[in-house]
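Position 1 is the first residue of the sequence, and the numbers go up from there.
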Amino acid sequence: MKLTTEQIDQLYRFTRQHYVEWYDLQTELVDHLANAIEEQWQENPTLSFDQALQNEFKKFGVFGFMDVVEGKQRFLQKKYNQIVWSIVKTFFTLPKIMGTIGATGLLFLLLKASQYNGNWVLLFYGLLVLFAFYGMISNRLKRKKQIQNQEKRWLFEDILHQHGSFAGAIVLPLNIFLQLFNRAEHYLDNTYLLGFTSFSLVLITILMYVIFFEIPSQSKKHLLQIYPEYSLANF
């Protein structure tokens with residue numbers, strides 16, 4: 001026995017009812033459930049569709065599909081991080097490394113010429129933080145709109161546009177810089193520390209550029225690598 005189109009649609013509804021929001025993950029689970037139900041029918045043809053579905057769903061344990069979703073999220077988050085770092089590393093190879101060194105040197109001289117006033121760094125870093133949170137908020141609004149319009153959502157696409165939760169992470173170094181520049185006259189006279197600060201800010205800027213510009217511009221390419229069917233659904 002084979003599942004009908006109506007029963008396949010019912011499996012999609014079943015996964016959505018159990019908090020699987022993403023079409024790609026729903027499809028993986030529907031394929032698994034469909035194969036398992038058909039195997040049960042081979043052994044017991046009198047078994048109803050609902051009984052076979054519940055038998056298979058029980059195998060996922062008390063948390064249902066949650067473990068599957070979390071495992072897939074971890075895998076794709078790791079994939080996302082690999083993509084980000086692969087792009088960041090290009091800024092430390094010729095010819096981009098010359099621009100990275102030049103930007104670090106220019107920022108170093110700017111800070112040195114500011115007569116130990118840390119406001120330059122705080123202003124620059126504060127703008128990065130604001131920009132990061134603006135990106136996170138705008139993407140949350142986009143996600144909310146997708147839900148309201150009942151559009152197909154793809155797990156890796158959501159991860160790509162979450163910016164790896166990077167915006168929240170950069171608040172911690174900001175607090176460190178605030179403490180440092182409260183005692184600027186003691187710390188900014190240290191050439192090594194000033195060089196490290198300059199390089200750190202340039203590195204953060206590169207990360208922000210990759211996350212907010214490079215990744216979105218290449219998102220379709222990466223999505224097609226993960227989901228070939230993405231082209232059929234979106235083009």
Side-chain angles (χ1 to χ4, degrees), residues 1-84 135-169 211 215-216 218-235:
M1 293 176 62
K2 293 290 184 180
L3 269 70
T4 65
T5 301
E6 182 179 346
Q7 288 170 332
I8 293 293
D9 290 340
Q10 187 174 338
L11 290 180
Y12 273 102
R13 289 195 296 272
F14 183 83
T15 58
R16 286 194 296 271
Q17 290 167 357
H18 289 82
Y19 312 106
V20 181
E21 306 172 42
W22 302 277
Y23 177 75
D24 51 302
L25 194 48
Q26 289 171 5
T27 300
E28 289 185 21
L29 288 169
V30 167
D31 286 344
H32 172 82
L33 292 170
N35 290 330
I37 290 170
E38 289 173 358
E39 287 177 4
Q40 290 185 59
W41 281 344
Q42 288 179 355
E43 297 177 4
N44 185 1
T46 62
L47 199 64
S48 72
F49 172 79
D50 288 333
Q51 287 176 324
L53 174 58
Q54 290 302 322
N55 289 343
E56 188 59 29
F57 184 60
K58 287 178 183 177
K59 296 179 182 179
F60 286 88
V62 294
F63 296 109
F65 297 133
M66 187 179 298
D67 289 340
V68 176
V69 172
E70 290 179 351
K72 191 71 172 181
Q73 285 175 325
R74 285 194 298 270
F75 170 78
L76 291 176
Q77 185 65 55
K78 184 178 179 180
K79 178 74 174 178
Y80 171 86
N81 292 336
Q82 290 172 344
I83 292 171
V84 170
M136 291 184 69
I137 292 170
S138 63
N139 277 285
R140 284 184 182 179
L141 293 175
K142 178 182 177 182
R143 180 175 178 272
K144 185 177 179 180
K145 184 179 178 181
Q146 283 182 320
I147 294 172
Q148 290 174 342
N149 296 337
Q150 296 184 334
E151 298 176 11
K152 286 181 180 178
R153 293 172 54 208
W154 305 75
L155 180 54
F156 195 55
E157 185 175 38
D158 273 11
I159 290 173
L160 285 174
H161 294 292
Q162 284 172 356
H163 311 308
S165 302
F166 182 73
I211 289 169
I215 293 294
Q218 300 182 26
S219 60
K220 287 183 179 179
K221 181 187 75 173
H222 297 306
L223 285 163
L224 287 170
Q225 288 176 349
I226 304 294
Y227 316 120
E229 66 273 24
Y230 181 80
S231 60
L232 300 175
N234 292 271
F235 298 103

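- Looking at residues two or more places apart in sequence or on another chain, you find a side-chain hydrogen bond (donor to acceptor under 3.5 Å, both in side chains) between Lys221 and Gln218.
- Taking 4.5 Å as the limit, some side-chain heavy atom of Leu11 sits within range of a side-chain heavy atom of Ile37.
- With values rounded to the nearest 0.5 angstrom, Leu53 atom CG is found 11.0 Å from Gln51 atom CD.
- Put simply, the side chain of Asp158 never gets that close to the backbone of Arg153: no donor and acceptor are under 3.5 Å apart.
- Here the straight-line distance linking atom CG of Asn35 with atom CG of Leu3 works out to 9.0 Å at 0.5 Å rounding.
- Annotation: side chain of Gln73 is in contact with side chain of Trp22 (closest heavy-atom distance under 4.5 Å).
- Counted within 6.0 Å of CD on Gln82, heavy atoms from surrounding residues, nucleotides or ligands total more than 12; the atom is thus considered enclosed.
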Applying side-chain contact (heavy atoms from CB on, under 4.5 Å), run through Lys78 and Phe75 and close with a yes or a no. CA-CA 5 Å; Lys78 184 178 179 180; Phe75 170 78; 5.9 Å; no

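- Put simply, CZ on Phe156 and CG on Leu25 are 14.0 Å apart, with the number rounded to the nearest 0.5 Å.
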Derivation of the side-chain contact (heavy atoms from CB on, under 4.5 Å) call for Phe14 and Gln54: CA-CA 11 Å; Phe14 183 83; Gln54 290 302 322; 3.8 Å; yes

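- Between atom CG of residue Leu155 and atom CG of residue Leu223 there is a gap of 10.5 Å, rounded to the nearest 0.5 Å.
- Between His18 and Phe60, the ring centre distance reaches or exceeds 6.0 Å.
- Counting heavy atoms from C-beta outward, Gln10 and Asp50 have side chains that approach closer than 4.5 Å.
- Residue pairs meeting the salt bridge (Lys or Arg N to Asp or Glu O under 4.0 Å) criterion with at least one member in residues 29-38, sequence neighbours excluded: Lys2-Glu38.
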What do the steps show when you test Met66 against Tyr19 for side-chain contact (heavy atoms from CB on, under 4.5 Å), and what is the final call? CA-CA 8 Å; Met66 187 179 298; Tyr19 312 106; over 6 Å; no

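- The list of side chain to side chain donor-acceptor pair (under 3.5 Å) pairs with a residue in residues 56-70, not counting sequence neighbours, reads His32-Glu56, Glu56-Lys59.
- In this structure, Phe49 and Trp41 have tilted ring planes: the angle between them lies in the 30° to 60° band.
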The test is side-chain contact (heavy atoms from CB on, under 4.5 Å); show your working for Tyr12 and Tyr23 and say whether it passes. CA-CA 9 Å; Tyr12 273 102; Tyr23 177 75; 3.9 Å; yes

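- Using a 4.5 Å heavy-atom cutoff, the side chains of Leu29 and Phe65 are in contact.
- Once rounded to the nearest 0.5 Å, the distance linking CG of Leu224 with NZ of Lys220 reads 9.0 Å.
- Between the side chain of Gln26 and the backbone N or O of Val20, at least one donor-acceptor pair lies under 3.5 Å.
- Here the side chains of Glu43 and Gln40 are not in contact, with every heavy-atom distance at 4.5 Å or above.
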